[in-house]
Amino acid sequence: MFRRLILASTFLTAASAAVMAPVAPAHAQDEPLRIEITDGVIEPMSIAIPAFHGDEEIAAKVRQVVAEDLTGTGLFSEIPAEAQVARPGSFAEPVSYEDWRAVDAEALVTAEVRQMGENISVRFRLFNVVSGQPQGDGMQFDARAGDWRRAAHKIADQVYARLTGERPYFDSRVAFVQETGPKNARIKRIGVMDYDGKNTLWMTNGASLVLAPRFSPDGTKILYTSYDSGFPQIRLLDVATVTSRALTQDGQAMSFSPSFGPKGQSIVYSREQGGNTDIWLMEPNTGAGRPLTNAPSIETSPSFSPDGQRIVFESDRSGSPQLYIMGVDGGEPVRISFGDGRYGSPAWSPKGDMIAFTKQVGDRFHIGVMRTDGSGEKMLTESFLDEGPTWAPNGRVVMFTRVTPGGNGQPRLHSVDITGRNMRPMNLDFAASDPSWGPLMQ
Amino acid sequence: MINAATKPALLMALLGLAACAQPAPPPAAPVVDPYANTGGGAVFQGNVAGGNLGSEATPEHFRSQVGDTVLFAADQTTLDADARAILARQAQWLNSHGSFQAVIQGHAEETGTREYNLALGARRASAVQEYLVAEGVSPGRIRTLSFGKERPAETCSDESCWSRNRRAVTVVSEAGPGA
């Protein structure tokens, strides 16, 4: 009944699984609680997350992050603490479903956080208050105390996955570009942060102009474009050691807009020579590249399908920038965008079903999504300048850059779910652009 | 070819011209100037080949007197008459100053995606390069790159600024040893 997980980066051997007191027996065979992420108008699911048991200080911090993760999706509304009368005396004590029904809770999360020196152990359970039974097994996470936020994200991920039927995404990181200085002399540096903007680590120092970081599928590496040689070239950065090396160094060609294939063995990128930009494919270990397109038009912003078989990209071969899909070996591309306006920076969903993109119509910019055959186009945002969508690892949320106009205009990261609801600015205390959402961490 | 006797006078004339473009020019020393009655511009019209010639052989002169920037229409990479006139002067200067190299920086306005604007700026830089090469500048002396929308010249968010940000800038520098 109780699964135990140890966060990979924080392996522990001393913790032992506690013997859990039995929870109240199920007395109904109702369907599990489920909230669908669909287009229809939804009422958020009412969820109670009473104060966690255990060591009070760390327990309160973990509870706060779990609550922020869940309510931040727009799918859940939290029962206020003052309305709660039913908090059990201990984590092991059976829950009183009637008391939670009385405050209209549909779901209930209980947890206990224990700190033992440098380590913490977190146990949690999820209950379906409507049917009066647990929803899934209880789980335990052991982690270093410094990783308490990751432990909290893991709990929230379990709750989200069990209540939406979708894959989780809270325990993930985002690479981005921090922007400082005046608009005509911006200083840019690459950072990596938790998906919620916390725990920022700096990957470059701002001495060279850097653009558009892209996470590897396993989250250990970052591709980016750097002007450190004076000319745009692609570099590969190791996140753990914060060291990088040049992947392209051609004095006669500009290379930019790199992204990884799904297994991390291939890189697609744009290579410019004599004013003409085409899509190239490279094996990062050998550095050997070859062209996938050969056209006098601009071909850029390539993005792999999750099965590694196809590539979506932007081309102005028709006279204006539009989206095209080709096989991984090149060949004749198929145009998929046909609406009014100019399309760019496509990103293939990790679920494989949709492509997010930037669209300019007149003087307004949108982030939109469409199916991979171009049908079902839907705009999620509108502003003076929105661009560069990146997918959450579960393919249900995109993050993008919104730039405000004028001489003091600044870029800010925002996220929005694929229904177009719940658009939120990231809570950062600096200007940032070019997000790349990494994988769910193990 | 300029003989030794006329060179100091020419230099003085050049200095005097340069001073006209600057605020608070220093008082010019009286000189006997054999070109005094031919109009100041006349001194530039000969092909004054042969490298350094006072202040003309400087990046600052190239920038302020020859003109380092050409502008483009929205989403366009073709060179209009104004741009071609500037580039003709750039080519003439580069052909007269063989020790200099040029880097052409292509730029785009802030609308448009980052990646497309990088490619668009590269097209603009390449259009300039092709024109200079057609005017006789050795391709080996010219490199191009694009900054896309990363380095606007003007920062407002309307056409008055965007029209000046859609540009290619030729940056000259004296080739170093071994270059």
Side-chain angles (χ1 to χ4, degrees), chain A residues 177 182-186 188 209-212 225 227 229-232 251-254 256-257 269-270 272-278 297-302 313-316 320-321 342-346 357-360 363-365 384-385 387-388 401 403-409 433-434, chain B residues 72 74-79 101 103-133 139-140 142-162 164-165 167-169 171 173 179:
Chain A
V177 172
K183 192 174 177 180
N184 57 2
R186 279 275 205 263
K188 295 194 171 192
L209 179 61
V210 291
L211 305 174
T225 301
Y227 284 69
S229 67
F231 296 82
Q252 299 306 313
M254 212 171 84
F256 60 101
S257 191
Y269 62 106
S270 276
E272 177 271 344
Q273 195 164 22
N276 181 39
T277 299
D278 276 305
S297 44
I298 287 174
E299 276 73 38
T300 189
S301 290
F313 63 98
E314 168 184 357
S315 169
D316 68 353
S320 72
R342 301 153 60 88
Y343 294 78
S345 54
F357 53 83
T358 304
K359 184 177 182 179
Q360 182 183 8
D363 58 359
R364 302 293 285 175
F365 277 78
F384 163 71
L385 180 49
E387 71 166 311
T401 306
V403 183
T404 52
N408 295 319
S433 60
D434 290 2
Chain B
F72 296 85
D75 207 30
Q76 295 301 306
T77 60
T78 52
L79 301 163
Q101 295 187 323
V103 173
I104 302 163
Q105 302 174 346
H107 297 270
E109 65 182 73
E110 66 188 326
T111 65
T113 63
R114 198 175 309 288
E115 294 79 15
Y116 186 80
N117 278 340
L118 280 172
L120 182 62
R123 262 189 193 163
R124 287 173 174 159
S126 185
V128 167
Q129 180 183 36
E130 285 171 18
Y131 194 93
L132 295 177
V133 169
I142 307 174
R143 283 192 70 175
T144 63
L145 81 156
S146 174
F147 281 99
K149 59 178 172 178
E150 304 305 316
R151 289 288 181 262
E154 307 288 340
T155 61
C156 73
S157 291
D158 57 48
E159 179 59 21
S160 69
C161 286
W162 294 338
R164 281 179 280 173
N165 292 336
R167 70 199 195 280
V169 181
V171 178
S173 60

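Atom set for the values below is all heavy atoms of this structure, side chains included, hydrogens, waters and symmetry mates excluded. Keep in mind that this is a model prediction, so the values were computed, not measured. Residue numbers begin at 1 in each chain, while the letters A, B, ... track the order of the sequences.
The contact between A:I298 and chain B is made by backbone and side chain atoms together, counting heavy-atom distances below 4.5 Å. Neither the backbone nor the side chain of B:A125 has a heavy atom closer than 4.5 Å to any heavy atom of chain A. If you measure heavy-atom distances from B:N165 to chain A, you find no contacts under 4.5 Å at all. With a 4.5 Å cut-off on non-hydrogen atoms, B:E110 touches chain A through its backbone and its side chain both. In this structure, chain B has heavy atoms under 4.5 Å from both the backbone and the side chain of A:R186. Heavy atoms closer than 4.5 Å to chain A are found nowhere in B:T77, neither backbone nor side chain. The parts of A:S345 that come within reach of chain B are both its backbone and its side chain, each placing non-hydrogen atoms under 4.5 angstrom from that chain. Both the backbone and the side chain of A:F231 come within less than 4.5 Å of a heavy atom in chain B.
Counting heavy-atom pairs closer than 4.5 Å to chain A, the top-ranked of the candidates B:R124, B:K149, B:Q105 is B:K149. Between chain B and the options A:D316, A:N408, A:T358, the largest number of non-hydrogen pairs under 4.5 Å is found for A:D316. For the options A:P321, A:S433, A:G388, A:G344, heavy-atom pairs under 4.5 Å to chain B are most numerous at A:P321. Between chain B and the options A:P405, A:S257, A:G406, heavy-atom pairs under 4.5 Å are most frequent for A:G406. If you tally non-hydrogen atom pairs under 4.5 Å between each of B:E154, B:E150, B:Q129 and chain A, the highest count goes to B:E150. For the options B:A153, B:C161, B:A119, heavy-atom pairs under 4.5 Å to chain A are most numerous at B:A119. Options A:G409, A:G407, A:S320 differ in how many heavy-atom pairs under 4.5 Å they form with chain B, and the most are formed by A:G407.
Rounded to the nearest 0.5 Å, atoms CG (A:L211) and CD (B:E115) are 8.5 Å apart. In this structure, OG on A:S270 lies 12.0 Å from OH on B:Y116, to the nearest 0.5 angstrom. Atom OG1 in B:T144 sits 9.5 Å away from atom CD in A:Q273 (nearest 0.5 Å).
Listed here is the closest heavy atom pair of B:G112 and A:Q360: N-OE1, 4.2 Å. Closest non-hydrogen pair, B:S157 versus A:K183, comes out as OG-NZ, 3.4 Å. Across all their heavy atoms, B:F147 and A:L209 have their closest contact at CD2-CD2, 3.9 Å.
Taking the side chain as every heavy atom from C-beta outward, B:S146 and A:M254 approach each other to under 4.5 Å.
Residues passing the side-chain contact (heavy atoms from CB on, under 4.5 Å) test with A:N184 are A:P182, B:P152, B:T155, sequence neighbours excluded. Remark: A:V403 pairs with A:L385, A:T401, A:P411 by the side-chain contact (heavy atoms from CB on, under 4.5 Å) rule, at least two apart or across chains.
A:R342 places no side-chain N or O within donor-acceptor distance of the main-chain N or O of B:T113, the cut-off being under 3.5 Å. In terms of modelled atom types and a separation under 3.5 Å, the side chain of B:S126 and the main chain of A:G274 share a donor-acceptor contact.
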